[in-house]
**Student:** 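Pasting a structure below so you can have a look.
One is the number of the first residue; the rest follow in order along the sequence. Values in this document were obtained by computation on a predicted structure and should not be read as measured data.
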Amino acid sequence: MLILKLPSSMPSSLGLAFNSRLSRFWWVFLVTLGVSCQMEPGAIKAPQEEGVYLFFRGTRSKEGVVSQAYYLKHEYISHVALGYWQDGDWVLYHVVNSAQKNDLKKTDFSSFYAPQDLTFAAFGKLRSEIDQVQLQRKIESDFLAGVAFDLQFNLENESTRMYCSEFLVHLLESTHPQFFHYAPIRKKLSGWHAKFLKRDSLDYYPADLLYYDRENVEIVKAIEL
């Protein structure tokens, strides 16, 4: 694994259009579990070998200190996608809160790492036994059916509503159950977090959960800005 340290000189420009208390709450959860952002091209180069990869990124935000409480281990990872080489280019799929009918998005490598307030970028290759064709068929099926971003972070409705890491857990477990099985993390909630969600705990899949699956994911490159 290659780790590089670059100067921290990129402006903070991430913004979400939510109102009052709703805004404060979703800043914490959306940034942590995978809101879409945008990076300066060229800071990280695409994989040199074909295969199925997980792509991780993190962005700078005012809520960073608070949102760290919802990571598993890596405080900078806030979003994750899955991708592979197809028709002469890297194709990445990820779930974002886009306020559109289908929140499952298809993008390219450079666009995924386009945010100017990027703080972290990494990618890891999935084990060689992964069947790319099987994954592709499942993704294309979900893409056509449509996936809505799960604003309630409720694992019981994962067939229709998911966030970024939840979608990938569902994808990998359903296509390759012999390799992938993840238990959700339980986080105790308090204050306005608990009041807003009307529960005292949250079961969820952190955005960095797959980053630490060393049996199935080999981290090839990581850049901390």
**Student:** Distance check, rounded to the nearest 0.5 Å: Gln136 atom CD versus Leu82 atom CG?
**Tutor:** 11.0 Å
**Student:** Do the non-hydrogen side-chain atoms of Leu72 and Tyr211 ever get within less than 4.5 Å of each other?
**Tutor:**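 Side-chain contact under 4.5 Å: no.
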**Student:** Just one of Asp150, Val147, Leu168 clears the side-chain contact (heavy atoms from CB on, under 4.5 Å) bar with Val95, so which one?
**Tutor:** Val147
**Student:** Does NZ or CZ of Arg161 fall inside the cone over Tyr163's six-membered ring, less than 6.0 Å from its centre and within 45° of the axis?
**Tutor:** no
**Student:** Does Arg127 offer a backbone N or O that forms a donor-acceptor pair with the side chain of Asn216 under 3.5 Å?
**Tutor:**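 A pair under 3.5 Å: no.
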**Student:** Are the aromatic ring centres of His79 and Phe112 under 6.0 angstrom apart?
**Tutor:**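 Judged by ring-centre distance (under 6.0 Å), His79 and Phe112 do meet the cut-off.
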**Student:** How long is the straight-line distance from OH of Tyr113 back to CZ of Arg57, given to the nearest 0.5 Å?
**Tutor:** 8.5 Å
**Student:** Rounded to the nearest 0.5 Å, what separates atom OG in Ser174 from atom CZ in Phe180?
**Tutor:**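 Reported to 0.5 Å precision, the distance equals 11.0 Å.
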**Student:** Classify the ring geometry between Trp85 and Trp90 as parallel (under 30°), tilted (30 to 60°) or perpendicular (over 60°).
**Tutor:**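 Trp85 and Trp90: perpendicular rings.
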**Student:** In terms of relative ring orientation, are His74 and Phe120 parallel, tilted or perpendicular, with 30° and 60° separating the classes?
**Tutor:** tilted
**Student:** Under 3.5 Å, is there a donor-acceptor pair linking the side chains of Tyr93 and Asp142?
**Tutor:** no
**Student:** So do the side chains of Ile44 and Leu118 get within less than 4.5 Å of each other, counting heavy atoms only?
**Tutor:**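 Ile44 vs Leu118: side chains apart.
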**Student:** Counting only heavy atoms not in Glu129 (residues, nucleotides, ligands), do more than 12 fall under 6.0 Å from its CD?
**Tutor:**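 Counting other residues, nucleotides and ligands, CD of Glu129 exceeds 12 neighbours.
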